[in-house]
Amino acid sequence: TMNIQANLRGAWNGTSMNTSLNTVLPLAQPYNDAAFGNYNGGETVPPVFFATHTNIVDWVLVDFRKPPSGLPVDANLASALSRKACFLLNNGTFTELDGVTPISLPINKQGAGFVVVRHRNHLAVMSNSTALDAIGNFTNDFRVLANNYTNGLISSPPAQLLSGGSYGMWAGNANKDGTVNAGDVGLVKANANVALTGYVFGDVNMDKVVNAGDVGITKVSANNTAQTGSSLVGNSTKKIIEPKSHTPVN
């Protein structure tokens with residue numbers, strides 16, 4: 001059982017996450033894409049589901065990785081023992097397809113491993129090496145910076161400081177390549193120029209329409225300037241979350 005919590009920067013409203021996408025969320029998981037390892041899970045919900053589960057922010061993809069070396073730099077997709085698409089609620093918790101139960105993943109090896117959370121237009125996060133308890137529960141709160149794996153070769157922090165003091169996954173990975181840079185800014189600008197609406201990658205603030213707000217958030221990530229209120233910190237030129245230098249979480 002994965003008792004995990006995380007925030008998405010794009011959906012963050014200061015105290016929790018917005019659920020504006022709830023009315024346009026797809027009924028089937030959206031991660032059957034090369035950028036997400038062509039995850040082909042059959043997770044689906046019935047047509048009336050989201051109307052009765054209005055606290056769901058979006059679909060997310062969770063991996064449990066256990067590299068033979070036990071080292072985080074080797075925790076790539078090939079080391080995943082199990083993967084699952086599930087729901088993220090506006091309070092930061094992850095659930096099964098009933099919108100209530102904590103997620104469970106089948107694994108064939110006990111011992112410590114790494115939990116990876118991926119989202120379709122945010123950068124991935126990975127836990128530090130996490131051990132299960134006596135009854136098989138893994139616990140990790142990605143809203144706490146120390147609970148995110150930090151690659152010493154990467155200057156960027158693994159998560160962005162949000163108003164209120166918690167952390168969130170970096171927004172703006174609109175082209176799904178594991179880095180937020182000028183390419184993402186250009187894509188989001190192009191979407192904004194035609195006011196693209198719906199469940200689209202360029203909608204990084206997750207309000208159902210691509211506009212200047214999405215461009216602004218993407219630029220913050222591309223410039224690696226973490227925001228909390230009116231404060232800006234950091235000054236490097238790009239933002240990457242990855243277990244190995246120049247190798248995005250995949």
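Note that OG1 of Thr93 is 15.5 Å distant from CE of Met2, once rounded to the nearest 0.5 Å. Annotation: the span from Asn151 atom CG to Leu153 atom CG amounts to 4.5 Å, rounded to 0.5 Å. With rounding to the nearest 0.5 angstrom, the CG atom of Asn148 is 10.0 Å from the CE atom of Met126. Here Ile4 contributes atom CD1 and Asn137 contributes atom CG; the two are 12.0 Å apart, rounded to the nearest 0.5 Å. A distance of 9.5 Å separates CG of Leu81 from CG of Leu105, quoted to the nearest 0.5 Å. To the nearest 0.5 angstrom, Asn147 atom CG is 10.0 Å from Thr139 atom OG1.
Without hydrogens or angle criteria, Thr179 side chain to Asn181 main chain gives no donor-acceptor distance under 3.5 Å. Side-chain N or O atoms of Glu96 include none that pairs as donor or acceptor with a backbone N or O of Asp98 at under 3.5 Å. When atom types are taken as modelled, the side chain of Lys84 and the backbone of Ser104 share a donor-acceptor pair closer than 3.5 angstrom. Distance alone, capped at 3.5 Å, places no donor-acceptor pair between the Arg118 side chain and the Leu61 backbone. Of the possible polar contacts, one joining the His122 side chain to the Gly10 backbone as a donor-acceptor pair under 3.5 Å is found. Panel note: side chain Trp12, backbone Asn18; no donor-acceptor pair is recorded below 3.5 Å.
In this structure, Leu27 and Pro46 approach most closely via the heavy-atom pair CD2-O, 3.7 Å. A pairwise comparison of heavy atoms in Leu77 and Gly37 identifies CD2-CA, 3.7 Å as the closest pair. The nearest pair of heavy atoms linking Pro67 to Leu71 is CG-O, 3.4 Å. Considering all non-hydrogen atoms of both residues, Leu187 and Ala174 come closest at CD2-CB, 3.8 Å. When all heavy atoms of Pro102 and Thr1 are compared, the pair lying nearest together is CB-CG2, 4.0 Å. Ser166 and Asn7 make their closest contact through OG-ND2, 3.2 Å (heavy atoms, listed as atom of the first residue, atom of the second, distance).
A salt bridge does not link Lys208 with Asp203: every distance from a Lys NZ or Arg NE/NH1/NH2 to an Asp or Glu carboxylate oxygen is 4.0 Å or more.
There is no side-chain donor-acceptor pair under 3.5 Å between Thr218 and Ser221. A donor-acceptor contact under 3.5 angstrom links the side chains of Ser69 and Asp74, judged on distance only.
Between Phe50 and Ile56, some side-chain heavy-atom pair lies under the 4.5 Å cut-off. Looking at heavy atoms from C-beta onward, Thr19 lies out of side-chain contact with Met17 at the 4.5 angstrom threshold. Asn191 is not listed as a side-chain neighbour of Asp214, based on a closest heavy-atom distance of 4.5 Å or more. A 4.5 Å side-chain heavy-atom check between Val57 and Leu8 finds at least one atom pair inside the cut-off. For the pair Arg9/Leu162, a side-chain contact is recorded, criterion being any heavy-atom separation below 4.5 Å from C-beta on. You'll find the side chain of Phe142 reaches within 4.5 Å of the side chain of Ser127, heavy atoms only. Using a 4.5 Å heavy-atom cutoff, the side chains of Met206 and His119 are in contact. Between Cys86 and Leu97 there is no side-chain heavy-atom pair separated by less than 4.5 Å.
Relative to the six-membered ring of Phe36, Lys176 misses at least one condition, a distance below 6.0 Å or an angle of at most 45° to the axis.
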Next on the checklist: Evaluate Gln160 against Val220 for side chain to side chain contact (heavy atoms under 4.5 Å, CB included), listing each step before the verdict.
Outcome noted: CA-CA 10 Å; Gln160 181 181 5; Val220 166; 3.8 Å; yes
Next on the checklist: For Val116 and Tyr149: C-alpha separation, side-chain torsions, deciding distance, then whether side chain to side chain contact (heavy atoms under 4.5 Å, CB included) applies.
Outcome noted: CA-CA 10 Å; Val116 174; Tyr149 166 67; over 6 Å; no
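Under the rule for a side chain to side chain donor-acceptor pair (under 3.5 Å), the partners of Arg120 that lie at least two apart in sequence or sit in another chain are Asp58, Tyr199.
Among the candidates Phe114, Phe94, Phe64, the single residue satisfying the ring pair (Phe, Tyr, Trp, His ring centres under 6.0 Å) test with Phe138 is Phe64. Exactly one residue among Asn22, Thr95, Asn90 makes a side chain to side chain contact (heavy atoms under 4.5 Å, CB included) with Asn55. That residue is Asn90.
With ring centers used as reference points, Phe87 lies under 6.0 Å from Trp59.
Applying the side-chain hydrogen bond (donor to acceptor under 3.5 Å, both in side chains) test to residues at least two apart or on different chains, the pairs with a partner in residues 40-52 are Tyr39-Glu43. Sorted by first and then second residue, the salt bridge (Lys or Arg N to Asp or Glu O under 4.0 Å) pairs involving residues 141-157 (not counting sequence neighbours) are Asp141-Arg143.
When hydrophobic clusters are built by joining Ile, Leu, Val, Met, Phe, Trp and Tyr residues whose side-chain heavy atoms come closer than 4.5 Å, directly or via intermediates, Val144 is not grouped with Val117. Under the 4.5 Å side-chain contact rule for hydrophobic residues, Leu123 and Ile217 do not share a cluster. Hydrophobic clustering (side-chain heavy atoms under 4.5 Å, transitive across Ile, Leu, Val, Met, Phe, Trp, Tyr) keeps Val200 apart from Leu25. Val209 and Leu21 sit in two unconnected hydrophobic clusters of ILVMFWY residues. Membership requires side-chain heavy atoms under 4.5 Å apart, directly or through other members. Hydrophobic clustering of Ile, Leu, Val, Met, Phe, Trp and Tyr side chains at less than 4.5 Å, counting indirect connections, unites Val125 with Tyr31.
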